[in-house]
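All values below were derived from every heavy atom in this structure, side-chain atoms included, with hydrogens, water molecules and symmetry-related copies excluded.
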Amino acid sequence: MITILKVIKESIAQALQQLMSNKLRSFLSLLGITIGIFCIIGVQSGVDSLESNIRGSFEKLGQDVVYISKFPWSGGSQEEFKKWLRRPNTNYKDYRAVVKKVKNMEASAFYVFLGFKTVQFKNSSVENIETVGMTYEYADMFDLSFEKGRYFSLSEYYYGANKIVLGHTVAEELFGKLNPIGREVKLLGHKMEVIGVLEQAGEDLIGFMDFDERALINFEYARKIAQLRTNANFQNAFLAVKAADGIGIDQLKDEVTGVMRAERRLKPRQEDNFSVNELSMMTSIFDAVFGSLNLMGIIVGIFAILVGVFSVANIMFVSVKERTNLIGIKKALGAKRYIILLEFLIESILLCILGGLVGLLLIQLGVVVLTKVTGFHLYLSLGNIFNGMLWSIGIGILAGIIPAYQAASMNPVEAIRSK
C-alpha cells in the first residue's frame, strides 16, 4: 500500500513536470480533452436544465390529476387526428356529471379559455392577456398562491359577481406601484373589481400553468358576459379531476371513463368519444427526446475526445522515451512491471483529469453567463461533474495504456544503454 502511494505521488510530480516543461505542447494536447468534456457534459447539462424546466411545467398539471378532452396527449396518425377532431368538446354538463357521480375524487374543476384580451385601468392597458373563466375548485386544483388579496368566495362564485384575479405581471404592468386590490378594471367591455393578485410564477419554458400573464374570472360570471363557445374544432374548455387520497390514477381513470360514457349515452360496443389523459402520457414522449439529445452530445464529444486521446498518448510516448534510462534503472533495482505500468497510467489519468476540470470550469462559466443573459435557469449538477470525471479517467486509461505497457515491457539492460 505504501509503495502504491509513493507511485501515485511520483506520478503526480512527473505529470506536472511534463506539463510545465513544454507548455505549448501540453496545452494543445489537453485541448482535445477539454473540448470533448465540454461538448459531452455541456450538452448533458443543457438537456438536464431543459428537462427540469419542462418537467417542472408538467408537474404543475398534477401527478394525481386526469384531464378529459377530445384529444389524447399521446398523439396519433393523421387519420386518427381527423377522427378525434369530430368528437364533441368537453362541456359544463360533463363537469356536473363528474362532480355528481365520481366517488374516488378529491376535487374537479372546469375551465374555459376566453381568448387573449386587453385589460384596462383608467388610461393604462395591457394587451394579449390570457383570460380564463373557471369553476370554484380551480384554486385548489392548481394550488394558487396569492401575493395580495384573495380568491373568490363561494357566494361571489354562485352569484356570478364581477370580480377578477390578476397574474403578477398583469398587475405590475397595469398598476405599477399602486395597490390593485379594490380597484376597477375593464375586461370584455365590463367593469370588474380586482380582489387578488397571484404570486409570481417565474419563467416556464412550456408555460402550461403560467399565471403571471393571466386574468381569472369565475365561470358563472363568464357565462353572463361572454359567449362560451365549447364546440370549436380545437378545444378551449377543459375538465380536470383530482384523485382522492389513497386512490390510484388508473382507478380514477376507470371510474371517470364509466361516468363519461354514461353521460354521453355511449353503447357498450361504441368507442369512447373523449380521452382521459394523465401527466405520464406527456412525460413519456419527452423521455425519448431527452435521450436522443444526450446521445447527440456524446457522439459530438467523442470526436473531440478521440483527438484528445491521441494527443495525450503522444505526450505519454514522449514521456516514456525521455525517461527510458530511468525506467531501466528502476527495473534493475527491482521495480515490478506493474509498478512501472501504474506509474505511467496514473500520469496519463492525471493529465486527462486536468483537461476535464478545465472543460467543467468552462461549462460552469457558460452556465452562469447564459442564465443571466437568457433568464432561463441552467445548472451544472453534481451528477454531471461526476460523469465528467469518469469520462476523464476513462480517456486517461485509453490514452496511457499502450505507452505504459511499452514502458513496463522494457528490458532493463537495453533501457539503461539507450541514453
Side-chain angles (χ1 to χ4, degrees), residues 4-5 7-45 47 291 293-324 326-327 330-331 335-363 380-410 415:
I4 292 176
L5 290 175
V7 170
I8 293 173
K9 182 181 177 180
E10 288 179 11
S11 300
I12 292 173
Q14 288 166 359
L16 294 175
Q17 184 181 355
Q18 285 296 315
L19 283 172
M20 299 305 295
S21 62
N22 195 324
K23 296 181 179 64
L24 181 60
R25 184 184 71 184
S26 300
F27 170 75
L28 293 175
S29 298
L30 297 184
L31 187 61
I33 304 298
T34 298
I35 294 173
I37 295 299
F38 181 85
C39 289
I40 291 176
I41 306 303
V43 169
Q44 286 183 342
S45 295
V47 171
L293 290 174
N294 274 321
L295 181 61
M296 287 174 60
I298 292 173
I299 291 172
V300 171
I302 281 174
F303 286 105
I305 281 172
L306 285 174
V307 176
V309 167
F310 288 112
S311 300
V312 174
N314 179 59
I315 286 182
M316 296 309 300
F317 278 120
V318 171
S319 181
V320 170
K321 186 175 181 180
E322 289 176 346
R323 304 205 311 258
T324 299
L326 184 60
I327 293 168
K330 285 182 177 181
K331 296 195 77 174
K336 303 290 186 181
R337 288 185 61 181
Y338 80 90
I339 295 294
I340 304 297
L341 180 75
L342 193 61
E343 179 182 308
F344 283 93
L345 204 56
I346 291 172
E347 185 177 332
S348 173
I349 290 170
L350 180 63
L351 290 171
C352 291
I353 286 176
L354 290 174
L357 286 173
V358 174
L360 291 172
L361 179 62
L362 291 175
I363 292 170
L380 176 60
S381 67
L382 288 175
N384 281 331
I385 293 173
F386 182 71
N387 286 338
M389 289 296 95
L390 285 181
W391 274 98
S392 299
I393 292 169
I395 295 163
I397 293 171
L398 286 174
I401 190 67
I402 296 176
Y405 181 78
Q406 183 188 62
S409 302
M410 284 183 179

Phe386/Leu390 under side chain to side chain contact (heavy atoms under 4.5 Å, CB included): CA gap, chis, key distance, verdict:
CA-CA 6 Å; Phe386 182 71; Leu390 285 181; 3.4 Å; yes
Donor-acceptor pair, Ser348 side chain versus Leu345 backbone, under 3.5 Å?
no
Show me the side-chain donor-acceptor pairs of residues 32-44 shorter than 3.5 Å, one per line, residues at least two apart or across chains.
from, atom 1, to, atom 2, distance (Å)
Thr34, OG1, Leu30, O, 3.1
Thr34, OG1, Gly355, O, 3.0

For Ser45, the option from Ile385, Asn387, Leu380, Leu360 that meets side chain to side chain contact (heavy atoms under 4.5 Å, CB included)
Leu380
Shortest non-hydrogen contact from Ser409 toward Arg337:
OG-NH2, 3.1 Å
Taken to the nearest 0.5 Å, the spacing of Ile346 CD1 from Ile353 CD1 works out to 10.0 Å
What donor-acceptor contacts under 3.5 angstrom involve side-chain atoms of residues 392-406, with partners at least two apart or in another chain?
from, atom 1, to, atom 2, distance (Å)
Ser392, OG, Gly388, O, 2.9

Working to the nearest 0.5 angstrom, can you tell me the gap between Phe310 CZ and Asn314 CG?
11.0 Å
